[in-house]
Amino acid sequence: MTNDDLAPLVLVVEDERPIRRFVAAALAAKGYRVAEAASLAEARAHAVGEPPELVILDLALPDGDGLELVDWLREWSTAPILVLSARGREDDKVAALDRGADDYLTKPFGVGELLARLRVALRNRARLAAGAGDTTVVRVGDLALDLVAHRVTLGERPVHVTRLEFKLLAALARHAGKVLTHKQILEAVWGPRHGGDARYVRVFVATLRQKLEAEPSRPRYLLTEQGVGYRLAER
Amino acid sequence: MSGYPLAMRLSSSRRLERVTSVGARYGAAVGLLGASSTVAALFDRLEFRAENLVLVYLPAVALAGAWLGRGPAIFTALGAVVAYNFGFTEPRYTLRVHDPGHLVTFAVLLGIGLFVSDLTARLRQRSREAELHGARAREASLRAEGARLRAALTSSLSHDLRTPLAVITGAGTSLVEAGDALPDDARRELLATIVDESERLARIVDDLLHLTRLSADRPAVRREWHVVEELVGSALHRCAAALAERPVALEVPPDLPLIAVDGVLVELALINLLDNAAKHSPQETPVTVRAEVADGRLALTVADRGPGVRDADKERIFEPFFRASSATARGTGLGLTICRSVAEVHGGAVVVLDRPGGGATFRLVLPLSGEPPILAPERDLQEGSDDER
């Protein structure tokens with residue numbers, strides 16, 4: 001039995017019933033199928049029973065830390081994970097993203113925000129699953145990244161970037177709209193034994209901004225998420 | 001010493017007197033007498049007249065009265081009398097009183113001893129009372145000040161939290177009560193109001209949390225090396241909605257040194273300054289953001305072309321919940337307070353200045369400490385291949 005003709009299944013893991021109910025209602029209204037879990041144990045049971053296409057996960061659960069579920073899921077699933085937290089601290093966000101979550105929402109959030117991030121996460125995942133070769137040129141506004149020819153152009157004008165700078169742009173482009181943490185960037189550009197930290201990434205991005213941005217102190221393409229990392233604007 | 005109970009502080013000095021034993025004090029009296037006698041003997045050698053020598057014992061008696069208490073003061077007075085009689089009056093080295101005038105001298109010495117010790121005791125008691133009184137008064141005044149501040153904050157907070165809640169409750173219950181009878185546009189309006197007021201409440205809660213964290217005894221400040229240009233850029237991005245279409249002039253040179261700050265906090269401070277500028281100046285007027293380094297400090301200024309800030313309000317605008325005009329009833333009243341807290345937690349400051357040509361310039365100054373590292377990521381970091389993963 002294939003799920004192709006069924007609407008995508010979203011697993012909502014949240015112990016606060018009113019939040020779980022309004023998220024489920026919003027998802028159902030948009031045509032998604034929803035499975036609800038109020039604890040880690042329930043979530044695992046549901047996920048194994050029918051693997052979800054996307055998981056919305058609250059970090060504070062009665063029987064443990066939501067991050068454990070991220071780890072557990074990432075062992076066998078590539079389904080996007082949206083993490084919900086009431087604490088709103090950057091540390092939580094970075095921890096979740098570094099462990100494989102796709103995005104992060106701070107309570108209180110509106111349904112519009114949730115649905116927007118859900119769409120971005122599903123679209124990115126679909127793009128990655130289809131194979132990197134499918135999109136050879138990534139365009140954001142006037143910026144064009146030719147991933148095959150390793151060329152960067154702004155409008156008509158070619159922009160000279162170093163090999164490593166291109167690697168950064170490519171990594172961000174692969175996840176356009178999504179934030180990459182400092183750690184993820186260091187690993188994507190330099191590999192696992194980079195020996196660097198956030199300040200190196202900041203300096204690196206600053207240099208690249210000087211090349212790419214019309215106004216480096218008001219960037220259009222390379223956006224900062226303070227305390228977390230960077231992302232490439234979507235459009 | 002703050003928090004050390006007042007009563008305990010005072011009684012400890014009394015305890016000191018008790019600890020200094022009786023023996024020690026009388027011993028000290030003997031010491032004073034010995035010293036005075038030595039000086040007197042010296043003057044005697046120098047052929048001073050006997051009547052003048054007695055004056056040498058005066059300081060001893062007075063000091064004994066001041067430092068050693070009543071008993072030792074009497075002892076010293078008597079001792080002085082005996083020593084003077086024995087050593088310096090005729091007949092020498094006897095205790096016989098030859099000249100009745102000496103009796104008067106003796107009485108005077110004794111009297112002085114008693115008088116000084118009494119006076120000193122009374123003075124000490126009065127000063128203790130005054131200190132107690134003063135300390136109590138200070139504590140009372142501090143408590144009153146704290147209570148006043150709490151009352152003001154509670155009253156503002158109560159109002160600012162309850163008002164949106166009241167709106168939400170009212171709108172929500174109206175929706176429930178009226179049910180289907182409510183016309184569509186009325187329903188939409190109530191729903192929109194609920195969303196708006198919830199967002200307002202969320203902003204107030206956020207601001208309060210920020211302030212609470214910044215007011216902690218040891219606020220969590222994570223200093224890392226940051227690029228100034230980036231701090232400005234990320235704040236501008238977060239304020240995009242507030243700044244909307246208005247012109248933003250940027251004067252941020254590209255070669256500023258790295259600065260060791262908490263990026264999240266400095267971004268927060270800048271966001272509040274930008275929001276403030278947007279709220280207080282007409283839509284079409286420009287906001288200017290400038291970064292400059294001078295005297296070992298980084299100055300970030302946000303300037304607007306609004307009505308400016310009156311001299312009387314220039315300090316008050318940084319107080320919690322202060323609103324210069326009813327126009328900013330939409331704000332939380334905490335933005336500038338947060339900004340100042342961020343500045344202070346970094347050892348810096350924020351002030352508002354008049355702007356030539358009209359408007360206000362908010363100047364956030366952060367100290368530049370230490371040498372910023374020279375970072376060259378392409379050179380310094382190790383590249384490894386992906387297959388090693």
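In what follows, every heavy atom counts, from backbone to side chain, and hydrogens, waters and symmetry copies are set aside. Naming: A, B, ... by sequence-line order, numbering from 1 per chain. This structure is a prediction, so every number in the text was calculated from the model and none was measured.
Ion pair Glu292(B)/Arg363(B) flagged as a salt bridge, since at least one NZ, NE, NH1 or NH2 atom sits closer than 4.0 Å to an Asp/Glu carboxylate oxygen. Under the 4.0 Å criterion applied to side-chain N and carboxylate O atoms, Arg199(A) and Glu224(B) are not assigned as salt-bridge partners. Between Asp304(B) and Lys279(B), none of the side-chain N atoms (NZ, or NE/NH1/NH2) sits under 4.0 Å from a carboxylate O, so this pair counts as no salt bridge. Looking at Glu383(B) and Lys167(A), a side-chain N of the basic residue comes within less than 4.0 Å of a carboxylate O on the acidic one, giving a salt bridge. A salt bridge between Glu234(A) and Arg123(A) is present, with a side-chain N of the basic residue lying under 4.0 Å from a carboxylate O of the acidic one. We find that Arg187(B) and Glu189(B) are not joined by a salt bridge, their nearest charged nitrogen and carboxylate oxygen being 4.0 Å or further apart.
Listed for the Glu90(A) side chain is no donor-acceptor partner under 3.5 Å among the backbone atoms of Val264(B). Asp262(B) places no side-chain N or O within 3.5 Å of a backbone atom of Val221(B) that could act as its donor or acceptor partner. Of the possible polar contacts, none joining the Asn276(B) side chain to the Asn272(B) backbone as a donor-acceptor pair under 3.5 Å is found.
Using a 4.5 Å cut-off between heavy atoms, Arg220(A) does not touch chain B at all. Only the side chain of Leu258(B) comes within less than 4.5 Å of a heavy atom of chain A; its backbone N, CA, C and O stay farther away. Contacts of Val189(A) with chain B are made by backbone atoms alone, with heavy-atom separations under 4.5 Å and no side-chain atom involved. Both the backbone and the side chain of Glu378(B) have a heavy atom closer than 4.5 Å to some heavy atom of chain A. The part of Glu215(A) that comes within reach of chain B is its side chain, from C-beta onward, which places non-hydrogen atoms under 4.5 angstrom from that chain. For Leu222(A), no part lies near chain B; criterion is any non-hydrogen pair under 4.5 Å.
A side chain to side chain donor-acceptor pair (under 3.5 Å) with Thr224(A) holds for exactly one of Arg209(A), Arg202(A), Arg231(A); it is Arg209(A).
Of all residues spanning residues 100-116 of chain A, those with a heavy atom less than 4.5 Å away from chain B's heavy atoms are Pro108(A), arranged by number. The contact list for residues 231-243 of chain B toward chain A, using heavy atoms and a distance under 4.5 Å, reads Leu231(B), Val232(B), Gly233(B), Ser234(B), Leu236(B), His237(B), Leu243(B) by residue number.
Between chain B and the options Pro219(A), Ala198(A), Pro216(A), Gly227(A), the largest number of non-hydrogen pairs under 4.5 Å is found for Pro216(A). Across Gly263(B), Ala291(B), Pro377(B), the residue that shares the most heavy-atom pairs under 4.5 angstrom with chain A is Pro377(B). Considering only heavy-atom pairs separated by less than 4.5 Å from chain A, the leading option among Val248(B), Val205(B), Val289(B), Val266(B) is Val248(B).
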Subject >> Derivation and outcome, side-chain contact (heavy atoms from CB on, under 4.5 Å), residues Leu208(B) and Leu157(B) >> reply: CA-CA 10 Å; Leu208(B) 284 172; Leu157(B) 196 56; 3.4 Å; yes
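Side-chain contact annotation: Glu229(B) with Gln210(A), donor-acceptor N/O pair under 3.5 Å present. Using modelled atom types, one finds no donor on one side chain facing an acceptor on the other under 3.5 Å when comparing Thr288(B) with Arg305(B).
The distance between the ring centers of Tyr200(A) and Trp190(A) does not fall below 6.0 angstrom.
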